[in-house]
Participant: 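This is the structure, below, for whatever I ask next.
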2 protein chains.
Amino acid sequence: MRADLALVGFGNVGRRFVTLLAERRTCLQRDYDLDCRIVGISTRRHRAAFSTGGLDVAAAFDCVSAGRLLPDGDRPVNTAADVIDALGTSDAPLRVLIETTPLTIADGQPAIAHIEAAIDAGCHAITANKGPAAFAYRQLSERARAAGVSFLFEGAVMDGVPIFNLVREAMPAIAIRGFRGVVNSTTNYILSALEDGEEFAPALGAMQAAGIAEADPSLDVDGWDAAAKTAALANVLMAADLNPRGVDRTGIGPETADRARSARARGNRLRLVATASRSISGAIQATVGPVELASDDLLASLRGPANALVLHTDLLGDVAIHQLGGDLTMTAYALMSDLIALRRTAA
Amino acid sequence: MRADLALVGFGNVGRRFVTLLAERRTCLQRDYDLDCRIVGISTRRHRAAFSTGGLDVAAAFDCVSAGRLLPDGDRPVNTAADVIDALGTSDAPLRVLIETTPLTIADGQPAIAHIEAAIDAGCHAITANKGPAAFAYRQLSERARAAGVSFLFEGAVMDGVPIFNLVREAMPAIAIRGFRGVVNSTTNYILSALEDGEEFAPALGAMQAAGIAEADPSLDVDGWDAAAKTAALANVLMAADLNPRGVDRTGIGPETADRARSARARGNRLRLVATASRSISGAIQATVGPVELASDDLLASLRGPANALVLHTDLLGDVAIHQLGGDLTMTAYALMSDLIALRRTAA
């Protein structure tokens, strides 16, 4: 089955997704009857391009490397909206938006608008951005259902390690009563360094130098990234209607170093823990903040890029899933696994 | 969609499966269009029964509690084979064998014969027994494929926590290069007790008194249960062609107490670890045995009933899944999740 894909966002994740698709072309065709073509690309700095017959992807990579605009396709497009509109006119049986713009913590835009536009154009939407599920899960999933398309976002939490697909596909008829987890790698790196005796500013600087933390690390250290993931998890797994501002959030800073070291001195570990639970009234409470954990707590052993989520379930007790590594390929794989998931339901 | 089920094995797991189906009847109908009816039961001590229109399940429970034979249905059946044959004549769109006989470590029988009979009768086969996947995965899965039916066994490893369904449904296009895990609860309980200073015999006795270890605990303490699970995992996830005798196996015994305590004195933990890896030649090596683990090893923190499996993957690095509790409901849920999985593919 042919799948025409349009990429909105063509940064590291989007480009790694394209090379991963090429690397796995044979497997995708043989095992999933999935024949993918990149017909559209929209970027922030290199404009946009669309070609009904498929873009010259190698040329697009060259343009981005060289800082040039994308080469013209066979349809004039300028914006993400143009590319999504053009995708809607494709005659492929699967038409899929691959959304990889960066998170805007104020409102989850422009990712939400991109996904709305794709749904309204009759296209499936896959994103690695946590904004849409964190700010607008209920609205977008209902809109997608009404339009008969899928809205998927496995990459929003723990990269490509399956969380949303795990619960949806492999834990049917299970109710999630709550969860706790470590879902932000930058703060986990910093807390590991603090407990080893480093100070906050140099630990953060080392993360930035290594390309792990952003130039503006406030999304991570103020807990916003974890809060967005927590809202997304609560919305999807527990039918909450939260957004990141509804998460009771405490970040980490220079003052955290003492706490991390004294926790360690007591044989414990300080970790930025995300939780959600349902009160007796049915309301969902969600929190993000540094918590001192006993050393045999599952979350205490996580170091550096490792993330984990413990799901409190009705029939399976507590079930945990761990991501032990972390790299670009894992996020790109999240997009690919969503693509395969929607191919399966389109059978 | 109507599903006619025949239960071969009607012990604690089989009976809990029946009550779980009743508890979740509304959810199964509403969310999965699955309307289940128990048409056949075969037991070791209470004979067998089959009724084309569905058995009186409450009466069957009463007979088993009172030590009486099952009440007659509308077809004369004496053996498991009779019940499976009768299931094959049902006109329900889904006809499913639910196999919960105990593991025979010598050869995986009679479970394998039950599953072969079901496949040959055009029925799907679901088992909580690890024997079939440990001794005959390749043969049974090819036979099922040729017959257009499913052979599923989520309960074989880590009860209902998804392992096989996780990899198949939520980790598409991923290659599993190897794994390591703690997959036997009895030995994990005993090792936890040994490192707390108990001796082997009383620790084992306490497990037996609590109903956790079998009267004949050799399957557990000699490592056979873990070896069967390891063979099943390697066969399914890595396309091995192993059986439990092909696993390099070391059990635990009274002599293990010293090792467990001295490991603990060094700050480490002794755990019965199962592993599989592929050598350069492509051959698969599988092991089960006590291994001293550093305290920050993911598997070191597991106590009592907790199990965990770390999958070494090509695209997602190491991914781990943990089962933190363990009870009958989890094994019964494994059967139900397989039933839902095959309903989905039968759409």
Participant: Counting heavy-atom pairs closer than 4.5 Å to chain A, which one of Met330(B), Glu154(B), Arg168(B) comes out on top?
Facilitator: Met330(B)
Participant: Under 4.5 Å heavy-atom distance to chain B, tell me which part of Phe164(A) shows up: side chain, backbone, both or neither.
Facilitator: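 For Phe164(A), there is no contact with chain B at all, as no heavy atom is under 4.5 Å.
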Participant: Mind ranking Ala320(B), Gly325(B), Gly317(B) by heavy-atom pairs under 4.5 Å with chain A and telling me who comes out on top?
Facilitator: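 Looking at each option in turn, the highest pair count goes to Ala320(B).
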Participant: Just by distance, do the side chain of Tyr32(B) and the backbone of Ala173(A) share a donor-acceptor pair under 3.5 Å?
Facilitator: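 At least one qualifying donor-acceptor pair exists.
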Participant: If you count heavy-atom pairs within less than 4.5 Å of chain B, which of Asp318(A), Asn165(A), Asp31(A) leads?
Facilitator: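 Option with the greatest count: Asp318(A).
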Participant: For the atom pair OG1 (Thr345(B)) and CZ (Arg344(A)), what is the distance rounded to the nearest 0.5 Å?
Facilitator: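 Nearest 0.5 Å value for the OG1-CZ distance: 11.0 Å.
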Participant: Which atoms of Ala341(A) are under 4.5 Å from chain B, going by heavy atoms: the side chain, the backbone, both sets, or neither?
Facilitator: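 Looking at Ala341(A), nothing touches chain B.
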Participant: Please rank Leu28(A), Thr329(A), Leu166(A) by heavy-atom pairs under 4.5 Å with chain B and give me the top one.
Facilitator: Leu166(A)
Participant: Can you tell which of Val310(B), Val319(B), Leu311(B) makes a side-chain contact (heavy atoms from CB on, under 4.5 Å) with Leu324(A)?
Facilitator: Val310(B)
Participant: Among Ala334(A), Ala170(A), Pro172(A), which residue has the highest count of heavy-atom pairs closer than 4.5 Å to chain B?
Facilitator: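 If we count pairs closer than 4.5 Å to chain B, Pro172(A) comes out on top.
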Participant: Side-chain polar contacts of residues 155-163 of chain A - donor-acceptor pairs under 3.5 angstrom, sequence neighbours left out - could you list them?
Facilitator:
residue   : atom : partner   : partner atom : Å
Asp159(A) : OD1  : Thr331(A) : OG1          : 3.2
Asp159(A) : OD2  : Gln323(A) : NE2          : 2.9

Participant: How long is the straight-line distance from CG of Leu315(B) back to CE of Met336(A), given to the nearest 0.5 Å?
Facilitator: 6.0 Å
Participant: Please state whether the side chain, the backbone, both or neither of Ile340(B) comes within less than 4.5 Å of a heavy atom of chain A.
Facilitator: side chain
Participant: Which of residues 294-309 of chain A have a heavy atom under 4.5 Å from any heavy atom of chain B?
Facilitator: Asp296(A), Leu298(A), Ser301(A)
Participant: What's the spacing between Asp314(B) CG and Glu23(A) CD if we round to 0.5 Å?
Facilitator: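 Between atom CG of Asp314(B) and atom CD of Glu23(A) there are 10.0 Å.
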